[in-house]
Amino acid sequence: MRASLIQIDVDPDESVNSRRSRVASLVREQSGSDLVVLPELWPVGAFAYESFETEAEPLRGATHDAMVGAAADAGVWLHAGSIVERDKSGTLYNTALVFAPDGTLARTYRKIHRFGFDKGEATMMGAGEELATVTLPTTVLGLATCYDLRFPELFRGLVDAGAETLVISAGWPERRRAHWTLLAQARAVENQAYVLACATAGTHAGVPQSGHSIVVDPWGEVLAEAGSGEEVLVVEYDPGTVATTRERFPALKDRVLG
Ligand SMILES: NC(=O)CCC(=O)C(=O)O
């Protein structure tokens with residue numbers, strides 16, 4: 001299985017529309033990969049709270065429309081990162097979109113753990129309530145978004161729902177990069193699953209981004225890691241390693257507390 005993680009530089013000097021077109025081209029270039037992953041809120045920037053209202057879009061809005069064609073042209077499964085979704089009642093959500101290789105919207109995931117404590121998305125957005133998995137021909141994806149990475153029970157729920165590849169779409173700040181790497185490896189080891197964690201690069205809203213998108217195998221080994229700037233991280237991996245790791249070191253079977 002080949003996965004491409006596109007670590008996008010969210011540059012406030014680039015318009016959201018230009019970025020959509022540019023990212024659609026980058027996705028098209030990944031033809032030959034099975035899965036392409038984009039970061040959290042790349043159209044607007046995960047920390048650009050002041051733009052959330054103006055850049056909010058319906059589920060099938062401008063980002064959806066740009067990504068439908070890109071996924072279909074490339075013939076890939078596309079985790080298109082997340083958008084600021086405005087639903088019919090006007091509530092905002094941080095919503096991830098996953099497209100099948102024919103361009104159909106296969107799954108959405110509204111971020112469950114909102115970041116910001118008493119400001120930002122924690123006060124501006126509604127919380128998702130449902131875990132999300134997506135069944136590909138060769139693996140089952142479990143979806144999580146950024147701050148979710150800090151909540152191991154979410155990932156255990158995804159594993160119980162069959163997930164073998166945990167996909168984390170993020171806009172993680174540089175100042176907590178050590179947490180990003182450590183937690184990505186921890187989620188892989190404790191769940192004996194692949195972790196594909198795709199972050200943003202650059203600086204937006206005054207917050208330097210971590211970059212360092214990372215792919216970790218079920219044994220905790222780092223298969224690939226990006227640098228700090230915009231980059232496409234391409235990795236080949238064998239989804240069958242999840243089953244063999246779980247058979248040879250069956251720690252998941254020794255759970256006592258749920
Ligand atoms: N966008 C986010 O969820 C940021 C999370 C973060 O900065 C952290 O967990 O640290």
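Just so you know, residue 1 is the first one in the sequence shown, and it goes up from there. Just so you know, ligand 1 is whichever comes first in the structure, and atom 1 is the first atom listed for that ligand.
- Distance check: Arg177 CZ to Gln209 CD gives 12.5 Å after rounding to the nearest 0.5 Å.
- Using a 4.0 Å cut-off to heavy atoms of Gly171, the atoms of ligand 1 that qualify are 1 (N), 4 (C).
- Counting heavy atoms under 4.0 Å from ligand 1, residue Lys111 touches it through the side chain alone.
- Heavy-atom proximity to atom 8 (C) of ligand 1, evaluated over Glu40, His179, Arg150, is greatest for Arg150.
- A distance of 9.0 Å separates CZ in Phe47 from CH2 in Trp172, rounded to the nearest 0.5 Å.
- Distances between N or O atoms of Arg176 and those of ligand 1 include at least one value under 3.5 Å.
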ring-ring contact (aromatic ring centres under 6.0 Å, His included) assessment of Phe99 paired with His64: CA-CA 9 Å; Phe99 297 89; His64 167 277; 5.6 Å; yes
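- Counting heavy atoms only, Cys146 comes closest to atom 2 (C) of ligand 1 of the residues Cys146, Gly45, Ser82.
- Not a single heavy atom of Arg114 sits under 4.0 Å from any atom of ligand 1.
- Contact annotation: for Phe115 versus ligand 1, heavy atoms closer than 4.0 Å belong to the side chain alone.
- Every N/O-N/O distance between Glu121 and ligand 1 stays at or above 3.5 Å.
- Judged purely by atom type and a 3.5 angstrom limit, Thr203 has no side-chain atom pairing as donor or acceptor with the backbone of Gly206.
- Exactly one of Glu129, Glu85, Glu130 qualifies for a side chain to side chain contact (heavy atoms under 4.5 Å, CB included) with Arg110. That residue is Glu85.
- Between Phe151 and His113, the two ring planes are parallel [angle under 30°; tilted spans 30° to 60°].
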